[in-house]
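The figures here come from the full heavy-atom set of this structure, side chains too, leaving out hydrogens, waters and symmetry mates.
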Amino acid sequence: MIVSQPALETSAGVSLQNFPRLRRGVTDIFPELANSDNPEENLGRRLALSSGPLRIKLGIDPTGSDIHLGHSIIFRKLRAFQDAGHTAVLIIGDFTARIGDPTGKSEVRRQLTPEQVEKNAQTYLDQLRPILDFDTPGRLEIRRNSEWLSKLDLAKTLDLLSRMTVGQMLAKEGFSLRFEQENPIYLHEFLYPLMQGYDSVAVQADVELGGTDQKFNLAVGRDLQRYFGQTPQFGLLMPILIGTDGVQKMSKSLGNYVGLSEDALTMYSKLEKVPDSLIEQYFELLTDYPLAELPENPRDRQKLLALDIVTQYHGEAAALAAQNAALNLVQGDATRAEAVPEFSLSEVEFPAKLFYILSASGLCKSGSEARRQIAGGAVKIDGDRIEDDNLVVASAEEVKGRVLQVGKKKFIRLV
């Protein structure tokens, strides 16, 4: 599917240095010679001298089905360029996803089928609707890179391969480490940066967005554009978001994430306990709130952050309802918390021990963790503390409709 709109009539002549929302949170722009008047060396000059919208490229490989707030940073920046009058070119890597980006991977990635990729792509687009402007003419193109990569014959592929040396590839972070550790590097993985770079040629990108771990791939795009006679794109890099644990990068596998498709109460409850050390970074990267106007009280900052972000994805009314429900749960009044996420008891075979239900519902990562939480007095049912870590629930009817809670922030309604 291609969503393509006619170009905007208005000029996009606005300096990056004078447009705070474009600059906000950016880690690196390359090349960026601040005192240069050359529009190929200074993005601000490129923006100021442009007679129309620039083409801002962002490629995504739908190798999974869920997007979390860590991923949203780069999409929010794409939206900022849209709002500045530029054209977002969102590339669905339906071809490259069959390889998978080897960046940061210690082993070869599992290759997906075209059907898996397309299903994931549709899920991604649904989750991106609250962020990107899908409706304003000229603001968005959605392309699939199979459109051009599937047409590359052996001669064209060899031409691409001749643009880089094995030494250059092994200098890429990840490849070098795998080589040193004698972990296999397959030849098709070397093609990934070249294919991502060729995407920039195919869509004639002026700017490509990426995370800080994508600099090598974006630089390859510049090299290939130069080889094919195009003006090289600028690379604009955004930081990797630390997860809600305050330690490691946000990741679903680590359980320190906030998913874009999560219900309002779950999102709010996770965000209102973001560590104080991360609050300002979360505001900078995940909201448009003026940093100079943040409340001084750390608890007020947490609540404001949670309310702002939940409003973005669920609307103000749902965000306020989630805030109220979270307060009721903290105060132990689970009966008033109407927006609690639900867990179907049909997934449990009864009779069942409570620690198993805690694990199956996702409130605890394992049965052993669930036992520890019960023993530590952290587990409640409708506000009543459970102390027996071997408690057996005889039937679904015994707990149906009740709220199961771990600590002050994690809870589900059993249905």
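- The heavy-atom pair separating S36 from E41 by the smallest distance is OG-OE1, 2.8 Å.
- At distances below 3.5 Å, not a single donor-acceptor pair connects side-chain atoms of N42 with backbone N or O atoms of D37.
- No side-chain donor-acceptor contact under 3.5 Å links Q281 to the backbone of L278.
- In the model, T311 has no side-chain atom that pairs as donor or acceptor with a side-chain atom of D308 under 3.5 Å.
- In summary, the side chains of Q196 and N217 do present a donor paired with an acceptor at a separation below 3.5 Å, with no hydrogens or angles considered.
- Residues K410 and Q405 are not in side-chain contact: their nearest non-hydrogen atoms beyond the backbone lie 4.5 Å or more apart.
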Candidate pair I29 and R23, rule side chain to side chain contact (heavy atoms under 4.5 Å, CB included), full reasoning: CA-CA 10 Å; I29 298 172; R23 193 74 173 181; 2.9 Å; yes

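- Atom CZ of F350 sits in a crowded spot, with more than 12 heavy atoms from other residues, nucleotides or ligands closer than 6.0 Å.
- For the pair R45 and E32, the salt-bridge criterion is not met [side-chain N within less than 4.0 Å of a carboxylate O].
- Ring pair F175/F190 is perpendicular by interplanar angle, where above 60° counts as perpendicular and below 30° as parallel.
- A 4.5 Å side-chain heavy-atom check between I185 and N183 finds every atom pair outside the cut-off.
- Listed for the Q302 side chain is no donor-acceptor partner under 3.5 Å among the backbone atoms of I279.
- Rounded to the nearest 0.5 Å, atoms NZ (K57) and CG (L78) are 12.5 Å apart.
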One pair to check against side chain to side chain contact (heavy atoms under 4.5 Å, CB included): L209 and M238. What are the steps and the verdict? CA-CA 8 Å; L209 309 182; M238 300 297 295; 6.0 Å; no

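- A donor-acceptor pair is defined here as one N or O able to donate and one able to accept, closer than 3.5 Å; such a pair exists between the side chain of Q230 and the backbone of V201.
- Tested against I240 for a side chain to side chain contact (heavy atoms under 4.5 Å, CB included), the candidates T212, T27, I73 yield a single pass: T212.
- Side chain to side chain, Y124 and D61 fail the donor-acceptor criterion of an N or O pair below 3.5 Å.
- Shown here for D28 and K215, the closest heavy-atom pair between the two residues is OD2-NZ, 2.9 Å.
- With no hydrogens or angles considered, no side-chain donor-acceptor pair links N256 and S251 at under 3.5 Å.
- By the 30° and 60° cut-offs, the orientation of the rings of H68 relative to H71 is parallel.
- Side-chain atoms of E40 and N38 include no donor-acceptor pair closer than 3.5 Å.
- Residues D66 and Y257 have side chains that never bring a donor and an acceptor to within less than 3.5 angstrom of each other.
- At least one donor-acceptor pair closer than 3.5 Å links the side chain of S361 to the backbone N or O of L358.
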Criterion side chain to side chain contact (heavy atoms under 4.5 Å, CB included) on I60 and F75, from CA distance to verdict: CA-CA 10 Å; I60 55 173; F75 296 110; 3.4 Å; yes

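- Of all heavy-atom pairs between P53 and G85, the closest is CB-O, 3.1 Å.
- Here L191 contributes atom CG and L152 contributes atom CG; the two are 9.5 Å apart, rounded to the nearest 0.5 Å.
- Between E147 and R143, at least one side-chain nitrogen of the basic residue sits less than 4.0 Å from a carboxylate oxygen of the acidic one, meeting the salt-bridge criterion.
- The CD1 atom of I142 sits 8.5 Å away from atom CG of L128, with the distance rounded to the nearest 0.5 Å.
- In plain terms, the two heavy atoms of A84 and L22 that are nearest each other are CB-CD1, 4.3 Å.
- Atom CG of L241 and atom CG of L286 lie 5.5 Å apart (nearest 0.5 Å).
- The closest side-chain heavy-atom distance from R79 to R139 is not below 4.5 Å.
- Two residues are said to be in side-chain contact when any heavy atoms from C-beta on lie closer than 4.5 Å; L307 and L271 fail this criterion.
- With a 4.5 Å cut-off on side-chain heavy atoms, F343 and L404 do not count as touching.
- Between F228 and Y198, the two ring planes are perpendicular [angle over 60°; tilted spans 30° to 60°].
- R55 places a side-chain N or O within donor-acceptor distance of the main-chain N or O of V203, the cut-off being under 3.5 Å.
- Around CG of L187, the count of heavy atoms belonging to other residues, nucleotides or ligands within 6.0 Å does not exceed 12.
- The two residues P239 and G25 have their closest heavy-atom pair at CD-O, 3.2 Å.
- Geometric assessment of K303 against the ring of Y268 yields a negative cation-pi assignment under the 6.0 Å and 45° thresholds.
- The shortest side-chain heavy-atom distance between E208 and F234 does not fall under the 4.5 Å cut-off.
- No donor-acceptor pair under 3.5 Å is formed between the side chain of T266 and the backbone N or O of E262.
- Side-chain contact check for S146 and D94: at least one donor-acceptor pair (N or O, by modelled atom type) lies under 3.5 Å.
- Q116 and N120 are not linked by any side-chain donor-acceptor pair at a separation below 3.5 angstrom, with hydrogens and angles left out of the test.
- Proximity of L237 to F30: side-chain heavy atoms (C-beta onward) are separated by under 4.5 Å at one or more points.
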Verify side chain to side chain contact (heavy atoms under 4.5 Å, CB included) between L170 and T165, making sure each step is shown before the conclusion. CA-CA 9 Å; L170 289 179; T165 67; over 6 Å; no

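- Of the inter-residue distances, the one linking S150 atom OG with R144 atom CZ reads 13.0 Å to the nearest 0.5 angstrom.
- Under the 6.0 Å distance and 45° angle rule, R129 counts as a cation-pi partner of F134.
- A distance-only check finds no donor-acceptor pair linking the side chain of E272 to the backbone of S269 [under 3.5 Å].
- Using a 4.0 Å cut-off between a side-chain N of Lys or Arg and a carboxylate O of Asp or Glu, R226 and D223 qualify as a salt bridge.
- Note on R76 versus D288: salt bridge recorded, some NZ/NE/NH1/NH2 to OD/OE distance being below 4.0 Å.
- Although no hydrogens or angles enter the test, the distance criterion places no donor-acceptor pair under 3.5 Å between the side chain of S200 and the main chain of A205.
- Contact annotation: the side chain of Y192 approaches that of T96 to within less than 4.5 Å [non-hydrogen atoms, C-beta and beyond].
- Formation of a donor-acceptor pair under 3.5 Å by the K380 side chain with backbone atoms of G407 is not found in this model.
- Here the shortest heavy-atom pairing between R46 and D206 reads NH2-OD1, 2.9 Å.
- For the atom pair CZ of F355 and SG of C364, the computed distance is 11.0 Å after rounding to the nearest 0.5 Å.
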